[in-house]
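What follows is a short report on a single structure.
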Amino acid sequence: MDNLEIANILNQIADLMDIKGENTFKINAYRKAARAIEELAENINEIYSKDKLKEIPGVGESIAEDIKELIEKGKCQRLKSLKEKIPAKLSELMDIKGLGPKKVAFLYKKFKITTVPQLKKLIGSHKLKKLFGWGEKSEQNILEGINLYKRFKERFPLGQIYPYAIALKEKLKKMPFVEQIEICGSFRRRKETIGDLDILVTSKNPKKMIDFFVNLPEIEKVNAKGATKVNVILKQGARRQNGVEADLRVVKPENFGAALHYFTGSKSHNIQIRKMGMERRLRINEYGVFKIKNHPVIRPGAPSNDGAKSKIKNLLRIGGREEKDIFRAVGLPFIPPEIRENEGEIEAAQKNNLPHLIKEKDIKGDLHLHSNWSDGENSILEIAKTCQKRGYQYMAITDHSSPLGIINGLNPSRILKQIETIKKINKKLRNFYIFSGIEVDINKDGSIFLPNKILKKIDLVVAGVHSSFRLSKEQMTKRVIKAIQNLNVDILAHPTGRLINKREPYEIDISAIIKEAQRTKTILEINAFWSRLDLNAPNARLAKENEVKLVISTDAHSLNHLNYLTFGVDTARRGWIEKKDVINTLSLNELLKFLKRKG
DNA sequence: GCCGTTTTCGGCCCGACTGTTTTCAGTCG
C-alpha cells in the first residue's frame, strides 16, 4: 500500500466515525494524520520498515498500529468494525455538497439511504421536506449537490486554471468599488492542483461590490450570498475549466493583511500561527491581531473554564493591515505563501533560517525544448529568438530520440545533421548559445536508446522513461539507476512519469534514485509543464536535502509553452529550492564549466 | 486519538452563511 492509499483509508475511517457521531477531536486526529501521510515525500513502507511511523506528525500509538496492520495485512480491524456498524458507502455521500455527517447519518437511520440513486429517489418522493428541520430548500440543495458531485470530484491543474484566474483578477481590479485584490488559497500557494478560487478584495462599499460581482457574465450560479461573502460557480472558460467554484470575500482595507494570511492558508499553517498567538495572549483571526486584555489566564491543564473564551470582549487590535503584521505579532519574519504548509517553515522562520526561494528571473535558460525536427511546432531559430526575448543566455534543443514512431524521433544521422545546423545558427546569434541536446529514451533494461559514441557528440543528454511504465518497483528503480549511471547522461527528465489527474507516477523508489543521482552527479529535472510538475515539490525538497542539483525546464513543444516556466519555479519554491540548487540559474560560462563534471 | 519549553490530563482554530427556526444546528472553508 502506498501513501495515498493509506491516507484514503484513514480519511474513510474519519468519515465513518463522523457519521457514527464519535468525538470530533478523535475524528480530526485521523484526518490530520491522513493529511500528513498524503504529503510525505518518503514512502510510508520505508518509514514502517525503519520502525519510525510514530515520527510522522499526528501519528501516535493507535494510528501507527492501524498503519502497521494495513501494510502487513492490507486491512485493519478498526475500519472493519466501523464497516460492521456503518455502511462504507456512506462516506461517499459526504462528498455531496451540503451533506455532512449528521445529515448522512439521519438519511441512513430514517430511510436506509446508502447510495446516490436511492437518495435521488427519496427526494423525488418529497418525503423529506415534510420532516422537522427539513424543507423545500433542503431537497433542492441536495439535488443540486448530486448534480455537481461528479463535476467537482477532480481538482484542476494549476496551469489549466491559471490564465483564467489571472484574467478574472485583472477584470475585477478594474471594477468600481474594488481597491486591493488577491486570489488566495491554494492558488496563491501555487499548489499543483486547485480546488476553487478564493478571491479577496477590499472595498469601501462591500454591498455594491458584491452585487456587481454576482452579475458578472463569468458567473454561472450564485450558491450563497451574504454581506461580506459570496460563493459562486464560474462559467466554463475557453480552456475547458468547467464550472470552477469561487469564493469572494470583501474586507475593510485595515483587515486586508490578516484576511490575506487567513485565506491563503494552508489550514495547518494557520492553526500553528494561531496557536503561537495564543501563547502570547493574542487572538489572530481574519480581521487582525488582537491583544487579550483584562482576562484571567487560562492555564493549559487547569480545570476548564467553561465559556471563558467566548466572554472575551476586551480585545485591543494591534495589527492586520499588512500580512507581515501577522508574522511580526508572533515574532516571525515573512514566510512566502508557497511554503506555508506547516512542513517546517515555522521552525525555520523561528531560527531565522528560511530558504531564499528561487525566483523566475533567476532562470537564465531553458534546457529541455522540442523543435520541429521532432514533435515540436517551431524551428530552432524561432525558439532561439523567443528565448532571447525572454532574457535567456542559452537554451538546449532536446528533440526526441525514441523507438516510438509517433514523435518523429531523431536517428544518429539526423542528430549529426542537427548538431551542424545548431553550430551554424550559433554563429549568427549574438550573446546567446544553443546547446545541442537530445531527449533520449531509457530502454526497458535501463540501457540508453542511443549508442555512447553518438551521446558523446551531444552537449546535453536528457534521458527519460517514455515506455514500459508498468514495471515492478524494483525493475523500474533498477532501470533508471542503470540509466543515470551512464556517464553521458546529464539530466534525468520527469523522474516519476506522472501526468496530473491522468496517470499516476510509475512505481519507483524515488529516494534510491535521488541517492544515485547524488553519487553519479546526475541532474534531476523539475519538468515545468503543468500536467507534469515532476519532480513534485516534496521530491524536489528531498533531492535538495541530498545535495542533488536540479534543472527547471519547460519541455516546450511550442513557443507558448515557454511561459510554463512559472509553474516549474512555483513547484521548486514549494520544495524550498534556492537559486544555488538549480543549474539553469548559472551564467553560460558557469554552466559550460559545470557540465564537464560528470565522468 | 494526539500532544506536551506550565508534559500523562485537558485541550484540540473559528467565523460566515443557510435553512429552519425564533435561537440554533449543520455545513463549509
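Residue numbers start from 1 in every chain, and the chains themselves are labelled A, B, ... in the order their sequence lines are given, proteins ahead of strands.
To the nearest whole angstrom, the two C1' atoms, one in B/dG19 and one in B/dT23, are 13 Å apart. Rounded to whole Å, the C1' atom of B/dC14 lies 26 Å from the corresponding atom of B/dT7. Between the P atoms of B/dT8 and B/dC3, the separation comes to 16 Å (whole Å). Taking the C1' atoms as reference points, B/dT5 lies 23 Å from B/dG1, given to the whole Å. Rounded to whole Å, the P atom of B/dC13 lies 22 Å from the corresponding atom of B/dC17. Going from the P atom of B/dC12 to that of B/dT20 covers 33 Å, rounded to whole Å. Spacing between B/dT22 and B/dT18 at atom C1', rounded to whole Å, works out to 15 Å. Annotation: B/dG15 and B/dC9 have their C1' atoms spaced 29 Å apart (nearest Å).
Here A/Glu279 does not pair with A/Arg274 in a salt bridge; the nearest charged N to carboxylate O distance is not below 4.0 Å. Ion pairing of A/Glu46 with A/Lys50 is absent here, as no side-chain N (NZ or NE/NH1/NH2) approaches a carboxylate O to less than 4.0 Å.
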A/Asn223 and A/Lys221: CA distance, side-chain angles, deciding distance, side chain to side chain donor-acceptor pair (under 3.5 Å) verdict: CA-CA 6 Å; A/Asn223 287 330; A/Lys221 182 175 180 300; 2.9 Å; yes
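For the pair A/Leu200 CG and B/dA16 C1', the interatomic distance rounds to 14 Å; values are reported in whole Å. Atom NZ of A/Lys137 and atom P of B/dC17 are 16 Å apart (whole Å). Taking atom CG on A/Leu197 and atom C1' on B/dG29, their separation rounds to 14 Å, with Å as the unit. In this structure, the CD atom of A/Glu22 is 15 Å from the C1' atom of B/dC2, given to the nearest Å. If you measure from atom CD1 of A/Ile27 to atom P of B/dC12, you get 17 Å, rounded to the nearest angstrom. Atom CZ in A/Arg249 sits about 15 Å away from atom P in B/dC14, given to the nearest Å. A straight line from CG of A/Asn223 to P of B/dT18 spans 10 Å, rounded to a whole angstrom. Separating the CG atom of A/Asn342 from the P atom of B/dC13 is a distance of 12 Å, rounded to the nearest angstrom.
Using a 4.0 Å heavy-atom cutoff across all strands shown, A/Phe106 reaches no nucleic acid atom at all. Counting non-hydrogen atoms under 4.0 angstrom, A/Arg31 reaches nothing in the nucleic acid. Residue A/Ala33 is classed as having no contact, given no heavy-atom separation below 4.0 Å to the nucleic acid. No contact: A/Lys32 has no heavy atom under 4.0 Å from any strand.
A donor-acceptor contact under 3.5 angstrom links the side-chain atoms of A/Tyr262 to the base of B/dG29.
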Can you give me the N/O atom pairs linking the protein to nucleotides 24-27 of chain B at distances under 3.5 Å, or say none if there are none?
| unit_1 | atom_1 | unit_2 | atom_2 | d |
| --- | --- | --- | --- | --- |
| B/dT27 | OP1 | A/Gly100 | N | 2.9 |
| B/dT27 | OP1 | A/Gly100 | O | 3.3 |
| B/dT27 | OP1 | A/Lys103 | N | 2.9 |
| B/dT27 | OP2 | A/Lys102 | N | 3.2 |

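Rounding to the nearest 0.5 Å gives a distance of 12.5 Å between CZ of A/Arg188 and CG of A/Asp570.
Figure legend. B/dT8 is base-paired to no nucleotide; pairs are counted as Watson-Crick or G-U wobble with both atom distances under 3.5 Å.
The closest side-chain donor-acceptor pair between A/Asn11 and A/Asn8, if any, does not fall under 3.5 angstrom. A donor-acceptor pair shorter than 3.5 Å cannot be found between the side chains of A/Asn43 and A/Tyr48. Between the side chains of A/Arg340 and A/Ser266, no donor-acceptor pair of N or O atoms lies under 3.5 Å.
Take the nearest nucleotide of DNA chain B for A/Glu136 and for A/Glu286: the residue whose nucleotide is more 5' is A/Glu286. For the pair A/Val230 and A/Phe263, both in contact range of DNA chain B, the more 5′-proximal nearest nucleotide belongs to A/Val230.
In this structure, A/Asn141 reaches the B/dG19 phosphate: one of its side-chain N or O atoms is under 4.0 Å from OP1 or OP2. Taking only side-chain nitrogens and oxygens, A/Arg283 never comes nearer than 4.0 Å to OP1 or OP2 of B/dC13. For the OP1/OP2 pair of B/dG1 and a distance below 4.0 Å, the side-chain nitrogens and oxygens of A/Thr24 include no atom meeting the criterion. At the phosphate of B/dA16, OP1 or OP2 sits under 4.0 Å from a side-chain N or O atom of A/Tyr287. Proximity of A/Ser62 to the phosphate of B/dC2: a side-chain N or O atom is located under 4.0 Å from OP1 or OP2. For the pair A/Ser138 and B/dG19, the criterion of a side-chain N or O lying under 4.0 Å from OP1 or OP2 is not met.
Applying the salt bridge (Lys or Arg N to Asp or Glu O under 4.0 Å) test to every pair with at least one member in residues 119-134 of chain A, sequence neighbours left out, gives these pairs: A/Lys129-A/Glu136.
Side-chain proximity of A/Asn285 to the nucleotides B/dG15, B/dG1, B/dT18 is greatest for B/dG15. Closest to the A/Lys229 side chain, of the nucleotides B/dG29, B/dG1, B/dC17, is B/dC17.
For A/Tyr162 and A/Trp530, the gap between ring centers reaches or exceeds 6.0 Å.
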Give the table of side-chain donor-acceptor pairs shorter than 3.5 Å for residues 254-262 of chain A, with sequence neighbours excluded, one pair per line with atom names and distance.
| unit_1 | atom_1 | unit_2 | atom_2 | d |
| --- | --- | --- | --- | --- |
| A/Asn255 | OD1 | A/Arg317 | NH1 | 3.0 |
| A/His261 | NE2 | A/His269 | NE2 | 3.2 |

